[in-house]
Amino acid sequence: MTPSNALHDESGSTHLDSTAQLMDRITSRLGSQLSLISPDGSRRPAPDSSRHPAPHPRHGSRQGPRARPTLVLVPHGSRDPRALATVTALAERIREQRPGLDVRLGHIELNEPLLTETLAAQQGGRAVLVPLLLSRGQHVKRDIPAAAADAPHLATRVAAPLGPHPMLAAALHSRLVEAGWPARPLSASARRRHAVVLAAAGSRDPQSAADTGRAAKLLADRLGVPVVPAYAAPTDACARTVPEALAALAAEGRTRTAVAAYFTAPGRFATQSASAAPWIAAPPLGAHPTLARLVLHRYDEARAPDGAWTAEQHRLTAV
């Protein structure tokens, strides 16, 4: 028998088309309530669903229609075993800051998983590739977009490199303070004695040198002292070496010159640059919380607007 007026549950969305269905619903709810009653008559606490969070997305799993794009963090890779541990810790920090986001690693070279392997393992959906690189250059302009283009089963976007950005200047400042840089603003006389060499890897691309120069300017504005970019592997575009920069500052009377590591992870260049420091040398940026926030910022930049995803779109967002 079908009643003349359809019955609904509390949400107003479920139709109960028979008395039998109504009785089944009442019985089910009554059973749920009785399950919370102990034999002695006391009420048990309701189960805490927060203790059983949704599982982390499996590697290679398909995304639902409303899923956020996967964040693929793209480090360069290094033979130094500390580098892989560092970027793995950074990926975990990013997950902590954006719960539920699928974050994966894909290295350009030297470490596994390689970027090509990470993209091949994802069974469709969308992905934003965030270079764990601090300036423009061959990897950002060609290698990473080429890897995205070789994954036609994915709708991908390539984010801008991390630098230059004020958040990087904040993270560099924090690392300097960890190494012994004064935590409080310097006096006028102290500023005349202090300086920083911003040690970077080096690149043949002039835009990389320009980006590193802007990063040095951001840090100088923050510290109130000269910050000179210099390179562990100099090229025609990035000619000044770290020892040359230190010598030039010493000639100006700078007796407290620190070396700031413009590297995302430990490695040969970071170690080489730190060994030249006459005073203090800051560690690489590593898994600094501000670096994790900057990665998410670049991810959000690249995925907006959210309506133009195609499998053929492999673009570099503006710095």
(request) For Leu296 and Ile94, run side-chain contact (heavy atoms from CB on, under 4.5 Å): C-alpha distance rounded to whole Å, both residues' side-chain angles, the deciding distance at 0.1 Å, then the answer. (result) CA-CA 7 Å; Leu296 288 169; Ile94 293 166; 3.7 Å; yes

(request) May I have the step-by-step check of side-chain contact (heavy atoms from CB on, under 4.5 Å) for Arg191 and His194, ending in yes or no? (result) CA-CA 5 Å; Arg191 285 198 299 271; His194 285 71; 6.0 Å; no

(request) Step by step, work out the side-chain contact (heavy atoms from CB on, under 4.5 Å) result for Arg193 and Arg254. (result) CA-CA 4 Å; Arg193 298 192 303 271; Arg254 303 285 174 173; over 6 Å; no

(request) Tell me, with the steps shown, if Ile144 and Leu133 meet side-chain contact (heavy atoms from CB on, under 4.5 Å). (result) CA-CA 11 Å; Ile144 297 176; Leu133 303 169; 4.3 Å; yes

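Pairing each heavy atom of Ala237 with each of Ser203, the nearest pair is CB-O, 3.6 Å. In plain terms, the two heavy atoms of Val242 and Ala232 that are nearest each other are CG2-N, 4.5 Å. Closest heavy-atom contact between Pro229 and Ala216: CD-CB, 3.9 Å. A pairwise comparison of heavy atoms in Val128 and Ala159 identifies CG1-CB, 4.3 Å as the closest pair. In terms of heavy atoms, His139 sits closest to Asp143 at ND1-OD2, 2.7 Å. When all heavy atoms of Gly77 and Asn111 are compared, the pair lying nearest together is CA-OD1, 3.3 Å.
A salt bridge links Arg98 with Asp300; the closest basic N to acidic carboxylate O contact falls under 4.0 Å.
Taking OG1 of Thr212 as the reference point, atom CG of Leu198 lies at 7.0 Å (rounded to 0.5 Å). For the atom pair OG1 of Thr116 and CD of Glu109, the computed distance is 11.5 Å after rounding to the nearest 0.5 Å. Note that the CG atom of Leu294 and the CG atom of Leu132 stand 9.5 Å from one another [nearest 0.5 Å]. Taking CG from Leu249 and CD from Glu244, the interatomic distance works out to 12.0 Å, rounded to the nearest 0.5 Å. If you take CZ on Arg95 and CG on Leu71, they are separated by 9.5 Å, rounding to the nearest 0.5 Å. Taking CZ from Arg240 and CG from Leu246, the interatomic distance works out to 11.0 Å, rounded to the nearest 0.5 Å.
Inspection of the Gln122 and Thr70 side chains reveals an N or O donor paired with an N or O acceptor under 3.5 Å. With no hydrogens or angles considered, a side-chain donor-acceptor pair links Arg222 and His173 at under 3.5 Å.
Proximity of a side-chain donor or acceptor of Arg126 to a complementary backbone N or O of Ala67 within less than 3.5 Å is detected. Remark: the backbone N or O of Ala170 is not paired with any side-chain donor or acceptor of Ser174 at under 3.5 angstrom. Without hydrogens or angle criteria, Arg104 side chain to Val72 main chain gives no donor-acceptor distance under 3.5 Å. At distances below 3.5 Å, at least one donor-acceptor pair connects side-chain atoms of Arg157 with backbone N or O atoms of Ala302. Between the side chain of Ser273 and the backbone N or O of Ala199 there is no donor-acceptor pair closer than 3.5 Å. Side-chain N or O atoms of Asp211 include one that pairs as donor or acceptor with a backbone N or O of Arg136 at under 3.5 Å. No donor-acceptor distance shorter than 3.5 angstrom exists from the side chain of Thr257 to the backbone of Val196, with no hydrogens or angles considered.
Using a 4.5 Å cut-off between side-chain heavy atoms of Ile, Leu, Val, Met, Phe, Trp and Tyr, with links allowed through other members, Val87 and Tyr262 fall into the same hydrophobic cluster. In the hydrophobic cluster analysis, where Ile, Leu, Val, Met, Phe, Trp and Tyr join through side-chain heavy atoms closer than 4.5 angstrom, Ile280 is grouped together with Val227. Criterion: ILVMFWY side-chain heavy atoms under 4.5 Å apart, direct or through other members. Under it, Leu84 and Leu110 are not part of a common hydrophobic cluster. The hydrophobic cluster containing Leu218 does not contain Leu172, counting ILVMFWY residues as joined when their side-chain heavy atoms lie under 4.5 angstrom apart, directly or transitively. Hydrophobic clustering of Ile, Leu, Val, Met, Phe, Trp and Tyr side chains at less than 4.5 Å, counting indirect connections, unites Val74 with Leu154.
Looking only at side-chain heavy atoms (C-beta outward), Arg298 and Leu162 come within less than 4.5 Å of each other. Two residues are said to be in side-chain contact when any heavy atoms from C-beta on lie closer than 4.5 Å; Arg303 and Arg68 meet this criterion. Considering only heavy atoms from C-beta on, Thr271 comes within 4.5 Å of Arg82 through its side chain. Contact check for Leu134 versus Pro161: no side-chain heavy atoms found under the 4.5 Å cut-off. In this structure, Leu119 and Asp150 have side chains that are not in contact, with every pair of non-hydrogen atoms separated by 4.5 Å or more.
Between His76 and His107, a ring centre-to-centre spacing not shorter than 6.0 Å is recorded.
Residues meeting the side chain to side chain contact (heavy atoms under 4.5 Å, CB included) test with Ala171, sequence neighbours left out: Leu285, His288, Thr290.
Between Phe269 and Phe263, the ring-plane angle classifies as tilted under the 30° and 60° cut-offs. The aromatic rings of Trp279 and Trp181 lie tilted to each other, with the angle between the two planes from 30° to 60°.
Other residues, nucleotides and ligands place no more than 12 heavy atoms under 6.0 Å from the CD atom of Glu112.
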